[in-house]
Protein chains: 2
Amino acid sequence: MPSRPPVQDLARSVYLLWGHHPAPGRSGLSVPRIVAAGLELADAEGLDAVSMRRVADQLGVGAMSLYRHVPGKDDLTALMVDAVHAEAYGDDVEAATRQGDWKDAVRYVAARNWDLYQRHPWLLDVHAARPNLGPHTSRKYETELRALDGGGLSDIEMEAALTLVLNHVAASARAHRAQTRTVSDSGMTDAEWWAAITPALTQVMTDPDLTVSARVGNTVGATFNTATSPTHTYTWGLETLLSGLTPHLTP
Amino acid sequence: MPSRPPVQDLARSVYLLWGHHPAPGRSGLSVPRIVAAGLELADAEGLDAVSMRRVADQLGVGAMSLYRHVPGKDDLTALMVDAVHAEAYGDDVEAATRQGDWKDAVRYVAARNWDLYQRHPWLLDVHAARPNLGPHTSRKYETELRALDGGGLSDIEMEAALTLVLNHVAASARAHRAQTRTVSDSGMTDAEWWAAITPALTQVMTDPDLTVSARVGNTVGATFNTATSPTHTYTWGLETLLSGLTPHLTP
DNA sequence: CATCGTAGGGTACGGCGTACGCAAACACCC
DNA sequence: GGGTGTTTGCGTACGCCGTACCCTACGATG
């Protein structure tokens with residue numbers, strides 16, 4: 001059942017992102033305070049913990065009061081994302097290009113995004129339908145595109161290359177989090193988990209064709225003590241990417 | 001509050017994945033039928049539509065009856081994923097290696113995964129904490145590793161390279177879906193959406209530093225009529241990746 | 001002091017996963 | 001056939017979620 005959202009709502013979301021929000025009411029409730037409360041919850045307990053009720057509780061306010069300031073949860077999330085994107089480069093659009101050659105610039109961009117995901121893992125759970133057009137997200141995008149500008153890539157290729165790099169960072173960060181988080185959540189290390197299922201697995205997994213995966217699994221397990229090493233995949237993959245981009249780029 | 005899951009539960013999940021499930025009860029309910037109902041719902045309406053209640057409705061059965069056959073929703077999802085992974089290569093572990101040189105093999109692997117995401121977009125929404133160890137997933141992994149085997153990559157590098165490629169496919173497929181889906185959901189094309197927010201955006205977005213992103217945005221918009229082109233990013237990114245992997249691989 | 005727009009919040013609806021425990025159907029033995 | 005123990009199926013309920021609707025009560029204004 002497609003329901004076309006009124007143009008008015010879309011405009012409202014844009015205005016909200018750019019600081020056009022209602023003045024604080026008599027209880028002192030305001031958009032910045034709501035966003036701050038949401039960020040606190042998300043950083044501490046993840047995106048799932050950010051419910052309208054819990055944000056309201058955090059502020060000593062009724063759940064429905066939030067709706068006077070924010071149209072709904074999606075907009076709140078967008079505001080949170082934009083707020084956090086301010087941390088990446090400190091509003092300095094030349095931050096990446098100053099790092100040296102283009103490879104260093106891209107490495108810097110990747111590292112800043114990696115750091116962002118470490119500081120705010122919930123960013124990995126935000127799946128917005130449309131791109132975020134907030135002020136800080138826009139400056140972040142500008143900064144990152146500049147890292148690739150003037151190297152001989154077409155505009156189309158710049159967009160694709162940046163997407164490629166950022167997707168790689170996000171996927172690696174997601175894998176990294178999945179590993180560390182399930183360890184702390186279940187109180188069970190990867191090795192313990194593996195030991196726990198091995199009996200059942202060997203009893204049941206009698207497929208004789210799994211030769212390569214068995215060898216690789218053993219090597220990886222022996223090397224990292226885990227099934228995979230997200231940080232290794234991150235750095236190795238980034239260098240591989242850079243090497244793949246090299247033919248396209250001058251100096 | 002970490003709660004260590006009993007070893008027994010982990011083993012049960014493994015057994016379940018490998019076909020050790022209770023016999024059909026008197027109402028004819030069985031694990032395969034539950035999984036089939038879940039797949040039907042997921043393919044038609046997405047993963048969110050797969051609730052225990054709706055699966056049960058589909059089968060003309062009470063919601064709680066499902067729990068006699070399946071420990072919980074996570075296990076049902078794992079079963080669904082494994083079932084669908086059977087489609088990728090038809091259990092032929094040499095399917096990729098037969099495609100020609102290693103580049104063709106990797107292109108084939110990427111294409112099969114892309115197809116899988118087109119047929120079952122809900123796969124993109126599955127975020128399992130631990131790797132799926134089902135029979136079909138295992139064979140899929142074997143098939144994909146073989147595409148990279150014997151080319152001079154170490155075991156560690158094979159794992160990283162495969163992850164790199166599969167992450168790229170998943171991210172591209174996700175972007176592709178986000179684009180087509182939000183269009184059909186909102187009844188609003190990318191161009192219409194852009195037109196709807198442009199007035200508000202130009203009024204508010206007066207940042208003079210956004211020179212490169214403005215230029216790139218215009219070029220991309222003029223070329224693809226959209227903010228981004230996921231299919232282009234997919235193919236261009238894949239070739240870039242292959243070129244980055246080339247130095248590591250012989251023939 | 002009276003009025004009134006509005007910020008704030010209470011209640012409610014329809015969803016979710018699933019813990020718990022009862023009822024009905026079956027299998028089995030006498 | 002009758003009784004009995006076990007299994008299967010499911011109804012109810014709990015605590016979450018986002019948010020629509022509407023009323024209260026406050027603050028500013030005249």
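First the proteins, then the strands, lettered A, B, ... as listed; each starts at 1.
Remark: the Glu142(A) side chain and the Tyr89(A) side chain contain no N/O donor-acceptor pair separated by less than 3.5 Å. No hydrogens or angles considered: nothing links the side chains of His168(A) and Asn167(B) as a donor-acceptor pair under 3.5 Å. Glu87(A) and His120(A) are linked by a side-chain donor-acceptor pair at a separation below 3.5 angstrom, with hydrogens and angles left out of the test.
Of the charged side-chain nitrogens involved, none lies within less than 4.0 Å of a carboxylate oxygen, so that Arg12(A) and Asp9(A) do not count as a salt-bridged pair. A salt bridge does not link Asp91(B) to Lys140(B): none of the charged side-chain nitrogens sits closer than 4.0 Å to a carboxylate oxygen. A salt bridge links Asp190(B) with Arg130(A); the closest basic N to acidic carboxylate O contact falls under 4.0 Å. Between Arg112(B) and Glu144(B) there is no salt bridge, since none of the side-chain N atoms of the basic residue sits less than 4.0 Å from a carboxylate O of the acidic one.
To the nearest angstrom, P of dC16(D) lies 10 Å from CZ of Arg54(A). What separates CG of Leu76(A) from C1' of dT19(D) is a distance of 14 Å, to the nearest Å. Note: OH (Tyr67(B)) to P (dG21(C)) measures 17 Å, nearest angstrom. Protein atom CG of Leu66(B) is 10 Å distant from nucleotide atom P of dG17(C), rounded to whole Å. Taking atom CG of Asp74(B) as the reference point, atom C1' of dT18(C) lies 12 Å away to the nearest angstrom. One can place CD1 of Ile34(B) at 11 Å from P of dC10(D), the figure rounded to the nearest angstrom. dC21(D) atom P lies 16 Å from atom CE of Met52(A), rounded to whole Å.
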Give every pair of a protein N or O atom and an N or O atom of nucleotides 7-12 of chain C that lie under 3.5 Å apart, one pair per line with the distance.
residue	atom	partner	partner atom	Å
dA7(C)	O4'	Arg26(A)	NH1	3.4
dA7(C)	N3	Arg26(A)	NH2	2.8
dG8(C)	OP1	Ser27(A)	N	3.2
dG8(C)	OP1	Ser27(A)	OG	2.6
dG8(C)	OP2	His69(A)	NE2	3.0
dG8(C)	N7	Arg68(A)	NE	2.9
dG8(C)	N7	Arg68(A)	NH2	3.4
dG8(C)	O6	Arg68(A)	NH2	2.5
dG9(C)	OP2	Gly62(A)	N	2.8
dG9(C)	OP2	Ser65(A)	OG	2.6

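Looking at heavy-atom distances under 4.0 Å, Val50(A) makes contact with sugar-phosphate atoms alone, never a base.
Of the residues in residues 123-133 of chain A, none has a non-hydrogen atom less than 4.0 angstrom from any atom of DNA chain D.
Among residues two or more places apart in sequence or in another chain, the ring pair (Phe, Tyr, Trp, His ring centres under 6.0 Å) test is passed with His176(A) by Trp114(A).
Counting heavy atoms of neighbouring residues, nucleotides and ligands inside a 6.0 Å radius, atom CG of Asp115(B) exceeds 12 of them.
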